[in-house]
Amino acid sequence: MEPRTSVIENRLKNINRIIAVASGKGGVGKSMVASTLALHLSQHGYRVGLLDLDLYGPSSHIILGVKNTFPKEEKGIIPPTVHGISFMSIVYFTEEKPSPFRGIDISNIILELLAITQWGRLDFLIIDMPPGIGDETLDVIRYIKRSEFLVVTTPSKVAMGAVSKLLTMLIELKKPVLGIIENMTITKSSFIEHEVQRLQVRYLGKIHFDHTLEESIGNPDALSQTHVMKDLSKILQKIKL
Amino acid sequence: MEPRTSVIENRLKNINRIIAVASGKGGVGKSMVASTLALHLSQHGYRVGLLDLDLYGPSSHIILGVKNTFPKEEKGIIPPTVHGISFMSIVYFTEEKPSPFRGIDISNIILELLAITQWGRLDFLIIDMPPGIGDETLDVIRYIKRSEFLVVTTPSKVAMGAVSKLLTMLIELKKPVLGIIENMTITKSSFIEHEVQRLQVRYLGKIHFDHTLEESIGNPDALSQTHVMKDLSKILQKIKL
Amino acid sequence: MHEWALAESIVTATVEEARKEKLKTITQVTIYIGELQQIEKEIFLFALTELSKSQKPPIQKDAFVIKTDKSTLSCKNCGEHWKYSDMKKKLNKTEAESIHFIPEIVFVHARCPQCGSPDFEITTGRGVTLSSIKGVR
Amino acid sequence: MHEWALAESIVTATVEEARKEKLKTITQVTIYIGELQQIEKEIFLFALTELSKSQKPPIQKDAFVIKTDKSTLSCKNCGEHWKYSDMKKKLNKTEAESIHFIPEIVFVHARCPQCGSPDFEITTGRGVTLSSIKGVR
Ligand SMILES: Nc1ncnc2c1ncn2[C@@H]1O[C@H](COP(=O)(O)OP(=O)(O)O)[C@@H](O)[C@H]1O
Ligand SMILES: Nc1ncnc2c1ncn2[C@@H]1O[C@H](COP(=O)(O)OP(=O)(O)O)[C@@H](O)[C@H]1O
Ligand SMILES: [Mg+2]
Ligand SMILES: [Mg+2]
Ligand SMILES: [Mg+2]
Ligand SMILES: [Mg+2]
Ligand code: NI
Ligand code: NI
Ligand SMILES: [Zn+2]
Ligand SMILES: [Zn+2]
């Protein structure tokens, strides 16, 4: 018998909302959106947790400049607080070494993290999802039934190819989709907006490509001042976040 | 007993070189590089195969504009020829529907594809890899022992975080790494070049960010005329491709 | 007709194994084919027999015993168990053909009959497996 | 001390199962702990006992039987089999602690002793499992 699944609900019961930032496609800005969303919410006085589930290429700790912290062991593990965010990531345990995990390992790691992490009371738990529709996505759907999805794409046909697949599946499974964010737009185009309408999902708006974003990576105070944060804040108003 | 592993060597024995275009990170241009590399080699008179192993978000068929083809069944399956390239992708079987595969399924699909695909005689087989260091990467290492890796990154610290992990693993396992391509550069920076030197891998050069690339997607003739193809061709000269 | 490629994998694996076991003749090769893959048994047996000619060690002409493995599936989401034979009629020709090439394509074109989840697994009867080899040393 | 969280998962699962089985009292709960996870047995048993108080159905005070499962690993690349106890001394304190939290971290910090591959699997003794529950109806 697998005992871990039984305790997950208990671990998440004091969390008001769980939002998975997902895409299906890699490199579209899921981690950037998840991290800035967590910062935004925390700056607005909410209690926020951030769980990085990209176990191969965790990025949120790079974006938020998380260094030299480790979870506290106390009736489980308590995520360190980073700029007001309770932050949990595999990186505490991997020390930036490669993580050659197969699917079954991914599933076990997610179960273990969900079973032992003591989030405490949170208004929001943000999950930074990896690309694909693999074990991570299936396990979030399986074990975190009340997760809502915020889907990120870029303006490209190539990205939308993968993103449509994730959306189609979420819609089929009747999972709540908060909407789609079009990230890294450069030229004007309504291609994504049309595609999204076709799928009957809410189009939330654009985050422009920000040429100077790279300089703010690793520095949450600087990140909060970027155009990305400004564009995101506008989008978040639409869904009252 | 697993019979499929025994026949793989036989299937690949008339292929001169096998190059996996990989990264660890998503959205850095693996599919773009793999597709244009295949086009480039084919235009230079080589017999080329292209295998898209990104089973969740296959992209090479979008980039190359592959439509309305299906493998021929003949002592296995024979990949259709697209612009001179023998092209194999999961997309023939999934019809653009979502592919909710777990790791064990991914492994089985790769084994099956390797066991039944009749490539015939090829100078090059290019593999378009998915992100991560999961089942696909581990299986390519396990079943295609002579694969060489061409690694793609973008100029970002976030991308390099994941890319360094893949590189570290490939180096540890003594896999041949042809070098690193820095894709989508906008400003001048030697960050990646330095990082790559530290890892003692060959830095091959930059492919500039091409604002008009999107228009050429789906059109191989137009793709061949892009700046991306020009930059790539220069890089390929360095490794005699 | 891609059955030929799978037959070749069986023959190659059989010969490899027989060499390891230092067999002089291979007298019996038991193969299971998973229902899900819808292998054409006659074509498959024909390919096996053709490919067995002039192997070392030799494979006896009537060595192949082919058994069919019923396909059963079970849902990770709701725990339901079911048979492929009950589900098959819902798949159109193209979908069934794709599953014939790659059994995991079932996760693309089919769903758990109870809860609609794609997160199920193939419990038995996936594809072609080599069950046992007998021979004379 | 994260043993407490795992003990809680055991107690929760035990009570769930006992209710399903309509048990009035739980008399025995057999638990295996995988060597790999290096669970502190005393702390774990203490947590189990504490958490068992005032459960419904009640869990008898001496119900818990904790057994240790030797950890064995096997390599997908070369086929080698080995024991965690042979490999353990190569791991430093931080690495061992990370594996204590998440057993799969072993793939990050350890390699097959024969071929150096990270592509191995945990055959037995991964983590905490609930093996059986006995009770009175
Ligand atoms: N709006 C934006 N403008 C410029 N660069 C961006 C923007 N959003 C994300 N990026 C950059 O794009 C890359 C991919 O973003 P990331 O959040 O890591 O994507 P994902 O998590 O989807 O893989 C990173 O280098 C990131 O800094
Ligand atoms: N040099 C480039 N200039 C502009 N856009 C690019 C360039 N290379 C790739 N792209 C675009 O970036 C996105 C990601 O590329 P893709 O090849 O799909 O990455 P991956 O396969 O690594 O996920 C696609 O929309 C692609 O068209
Ligand atoms: Mg990310
Ligand atoms: Mg790709
Ligand atoms: Mg499945
Ligand atoms: Mg492993
Ligand atoms: Ni066939
Ligand atoms: Ni502990
Ligand atoms: Zn179901
Ligand atoms: Zn080994």
Side chain, backbone, both or neither: which part of Ile133(C) has a heavy atom under 4.5 Å from chain B? side chain

The interface call for Leu113(B) against chain C, heavy-atom contacts under 4.5 Å, is side chain

Backbone N or O of Ala38(B) within a donor-acceptor pair of the Ser42(B) side chain at under 3.5 Å? no

Checking an interface table here. Which of residues 45-72 of chain B come within a heavy-atom distance under 4.5 Å of chain C? Phe70(B)

Is there a donor-acceptor contact under 3.5 Å from the side chain of Glu2(B) to the main chain of Arg4(B)? yes

Does this structure show an ion pair linking Glu95(C) with Lys90(C), if we count only N-O contacts that are shorter than 4.0 Å? no

Heavy atoms only, distances under 4.5 angstrom: which of Ile78(B), Asn108(B), Ile109(B) has the most pairs with chain C? Name it, please. Asn108(B)

Residue from Ile116(B), Asn10(B), Ile106(B) scoring the most non-hydrogen pairs under 4.5 Å with chain C is Ile116(B)

For Trp4(C) and Phe44(C), I'd like to know if the aromatic rings sit close, meaning centre-to-centre distance below 6.0 Å. no

Counting heavy-atom pairs under 4.5 Å with chain C, the top scorer among Lys97(B), Gln118(B), Glu74(B) is Lys97(B)

Relative to chain C, which segment of Glu73(B) carries a heavy atom at a distance below 4.5 Å: side chain, backbone, both, or neither? both

I'd like to know if Glu16(C) and Arg19(C) make a salt bridge, using a cut-off of under 4.0 Å between side-chain N and carboxylate O. no

Test your reading of the model: is there a side-chain donor-acceptor pair from Lys30(B) to the backbone of Lys25(B), 3.5 Å cut-off? yes

Check: Leu36(C) main-chain N/O paired with Ser71(C) side-chain donor or acceptor under 3.5 Å: yes

Which atom of Leu236(B) lies closest to which atom of His40(B), heavy atoms considered: CD1-CD2, 3.5 Å

With a 4.5 Å cut-off on heavy-atom pairs, point out which of Ser98(C), Gly127(C), Ser9(C), Ala7(C) contacts chain B the most. Ser9(C)

Taking only Lys NZ, Arg NE, NH1 and NH2, and the carboxylate oxygens of Asp or Glu, determine whether Glu112(B) and Arg126(C) approach each other closer than 4.0 Å. yes

Thr27(C) side chain vs Lys134(C) backbone, donor-acceptor pair below 3.5 Å: yes

Relative to chain B, which of Val108(C), Val11(C), Thr129(C) shows the most heavy atom pairs under 4.5 Å? Val108(C)

